[in-house]
Amino acid sequence: MYPLPSVTFCIPSNPNRKPQLNPNKAQTPPALSTIMSSSPTAPETPPPTLERRELGNTGLKVSCIGFGASPLGNVFGPVSDRDAVAAVRAAFSLGINFFDTSPYYGGTLSEKVLGKCLKALEVPRSEYIVATKCGRYVEGFDFSSERVTRSIGESLARLQLDYVDIFHCHDIEFASLDQIVNETIPALQKIKESGKARFIGITGLPLNIFTYVLDRVSPGTVDVILSYCHYSINDSALEELLPYLKSKGVGIISASPLSMGLLTENGPPDWHPAPTELKVACQAAAAYCKENEKNISKLALQYSLSNRGISSVLVGMNSVRQVEENVAAALELATVGKDETTLSEVEAILKPVKNKTWPSGIQQT
């Protein structure tokens, strides 16, 4: 999985803010019911909270937004320890309890920084859920039993944890899928049995890798899958796989609701592997939103969050502002809903390239 771009967009001011009364204008006396409801003794409506969803059969309840920690590895520019700690603290205080990293992100830096940030929270370990990965490293891919077994110890040391909640095999399309089934997953099962990981998962871009593996292991062997760039406005191919994954009892995490930067005003990074026609269409959709004073990134995040069959949507974050804006978008979705009119227009623009993706991985034999 490529490092996930961070999400930055502005949330409009509170639409529920009460208008100020004009002292020079005669006011109609309030009704008794209004007076009673505004009485100090009347119960107040609790503020909305970030939704938590069941993750397959794991028993874990993860926040609908997950904190993607790849930006903490300076993948998209330098992030100070102070800013990183503040971002993680803000995320936790606003209801995000799921944090995802990998030794691949920033050459192990993401894990190290996330570990410092979680320790700085000074809360019980049971209050947050951590996922990391194995098999993909800056120096290359290695899905051997020996390497992934060594990997968990290295990651725990960097994270300053005794265990991780989820241990993923990272981007399995870059390995022989038979090796994943016959060597890597059995090694992950032993790690799970040791208590160093509570649950195990697999990640990658092509959707057929999930069916290949899950059809060849015993039910309940793989607890979680992490898919990316397949549940966003331009590509919702993951939706067709949801009934199958549910039948397998697998928890579903979706990453990169902005399609690695395609659904942003600034556009994707130069290295983005999408075909030109997809980039052009997404650029047109972003331009339409900008012309109509809408934010395509917020719309894209809300679109991804709308499917409750997906337990958590991972979003890369590295600042308090990004955290606050992402949570605000989720709460707005829960209380007000998304902008269906703008969404329909954007979907129409993207229809010619709907579900168009790009190749990833090695040739499977």
Side-chain angles (χ1 to χ4, degrees), residues 1-8 53 55-56 60 62-73 75-76 91 96-106 110-111 114 129-136 164-174 199 201-207 209-210 223-239 241-242 245 250-264 268-269 272-274 297 300-318 322-323 326 329-330 355 357-358 360-361:
M1 185 168 66
Y2 293 90
L4 305 181
S6 55
V7 177
T8 303
R53 301 173 181 174
L55 183 62
L60 298 175
V62 291
S63 49
C64 61
I65 291 181
F67 188 107
S70 67
L72 301 188
V75 173
F76 304 104
I96 293 176
N97 72 337
F98 179 37
F99 300 85
D100 175 270
T101 184
S102 167
Y104 176 63
Y105 302 148
S110 172
E111 285 187 325
L114 180 60
I129 296 165
V130 179
T132 193
K133 308 178 184 76
C134 65
R136 185 169 194 175
V164 292
D165 298 278
I166 305 167
F167 195 44
H168 289 293
C169 193
H170 196 176
D171 289 344
I172 62 172
E173 69 266 31
F174 288 94
F199 304 102
I202 53 177
T203 87
L205 180 69
L207 293 175
I209 61 174
F210 300 121
D223 302 296
V224 183
I225 67 100
L226 192 165
S227 170
Y228 71 101
C229 288
H230 283 308
Y231 201 84
S232 52
I233 302 175
N234 60 291
D235 186 337
S236 58
L238 177 62
E239 188 164 24
L241 200 61
L242 295 183
L245 295 171
V250 174
I252 303 159
I253 301 165
S254 179
S256 200
L258 310 189
S259 289
M260 300 194 314
L262 286 173
L263 301 177
T264 63
H272 200 293
S297 298
L301 175 58
Q302 291 179 331
Y303 176 90
S304 295
L305 289 169
S306 296
N307 193 323
R308 301 189 76 257
I310 295 170
S311 297
S312 190
V313 176
L314 283 177
V315 186
M317 292 179 265
N318 61 14
Q322 289 176 359
V323 169
N326 292 334
N355 291 351
T357 185
W358 50 89
S360 177

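Both backbone and side-chain heavy atoms feed into the values below; hydrogens, waters and symmetry mates do not. Computed from a predicted structure; not experimentally measured.
- Residues Ser311 and Phe98 are not in side-chain contact: their nearest non-hydrogen atoms beyond the backbone lie 4.5 Å or more apart.
- Note that CD1 of Ile65 and CG of Asn326 are 5.5 Å apart. Values are rounded to the nearest 0.5 Å.
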Practice task
Tell me, with the steps shown, if His230 and Thr357 meet side-chain contact (heavy atoms from CB on, under 4.5 Å).
Solution key: CA-CA 8 Å; His230 283 308; Thr357 185; 3.7 Å; yes
Handout entry: Derivation of the side-chain contact (heavy atoms from CB on, under 4.5 Å) call for Leu55 and Ile129
Key = CA-CA 11 Å; Leu55 183 62; Ile129 296 165; over 6 Å; no
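- Here the closest heavy-atom approach between residue Leu205 and residue Glu173 is recorded as N-OE2, 3.3 Å.
- A donor-acceptor contact shorter than 3.5 Å links the side chain of Lys133 to the backbone of Thr101.
- Distance check: Met317 CE to Phe67 CZ gives 5.5 Å after rounding to the nearest 0.5 Å.
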Practice task
With side-chain contact (heavy atoms from CB on, under 4.5 Å) as the test, would you mind laying out the steps for Thr203 and Ile172 before giving the verdict?
Solution key: CA-CA 6 Å; Thr203 87; Ile172 62 172; 6.0 Å; no
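- Leu207 and Leu238 make their closest contact through CD1-N, 3.8 Å (heavy atoms, listed as atom of the first residue, atom of the second, distance).
- Here the closest non-hydrogen pair linking Leu263 and Pro257 is CD1-O, 3.8 Å.
- Put simply, the side chain of Pro269 does not reach to within 4.5 Å of the side chain of Phe76, judged on heavy atoms.
- Shown here for Ser304 and Ser232, the closest heavy-atom pair between the two residues is OG-CA, 4.0 Å.
- For the pair Asp165 (side chain) and Phe199 (backbone), a donor-acceptor distance under 3.5 Å is absent.
- In terms of modelled atom types and a separation under 3.5 Å, the side chain of Asn97 and the main chain of Ser63 share a donor-acceptor contact.
- Taken from OG in Ser254 to OH in Tyr228, the straight-line distance is 11.5 Å, to the nearest 0.5 Å.
- Residues Ser70 and Ser110 bring no donor and acceptor atom of their side chains to less than 3.5 Å of each other.
- Side chain of Ser256 to backbone of Met260: a donor-acceptor contact under 3.5 angstrom is found.
- Residues Asp223 and Ile166 are not in side-chain contact: their nearest non-hydrogen atoms beyond the backbone lie 4.5 Å or more apart.
- Of all the heavy atoms in Ala255 and Leu226, the pair that sits closest is CB-CD2, 3.9 Å.
- In this structure, the separation between CD on Glu239 and CD1 on Ile310 is 8.0 Å, given to the nearest 0.5 Å.
- Note: Trp358 and His272 have perpendicular aromatic rings, judged against thresholds of 30 and 60 degrees for the angle between ring planes.
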Problem - Verdict with supporting geometry, Leu114 and Thr132, side-chain contact (heavy atoms from CB on, under 4.5 Å) - result: CA-CA 11 Å; Leu114 180 60; Thr132 193; over 6 Å; no
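- The distance from atom CZ of Arg53 to atom SG of Cys64, rounded to the nearest 0.5 Å, is 5.0 Å.
- Side-chain contact check for Ser102 and Glu111: no donor-acceptor pair (N or O, by modelled atom type) lies under 3.5 Å.
- The line from CG of Asn234 to SG of Cys229 is 8.0 Å long, rounded to the nearest 0.5 Å.
- Closest approach of Asn355 to Ser236, counting heavy atoms only: OD1-N, 2.9 Å.
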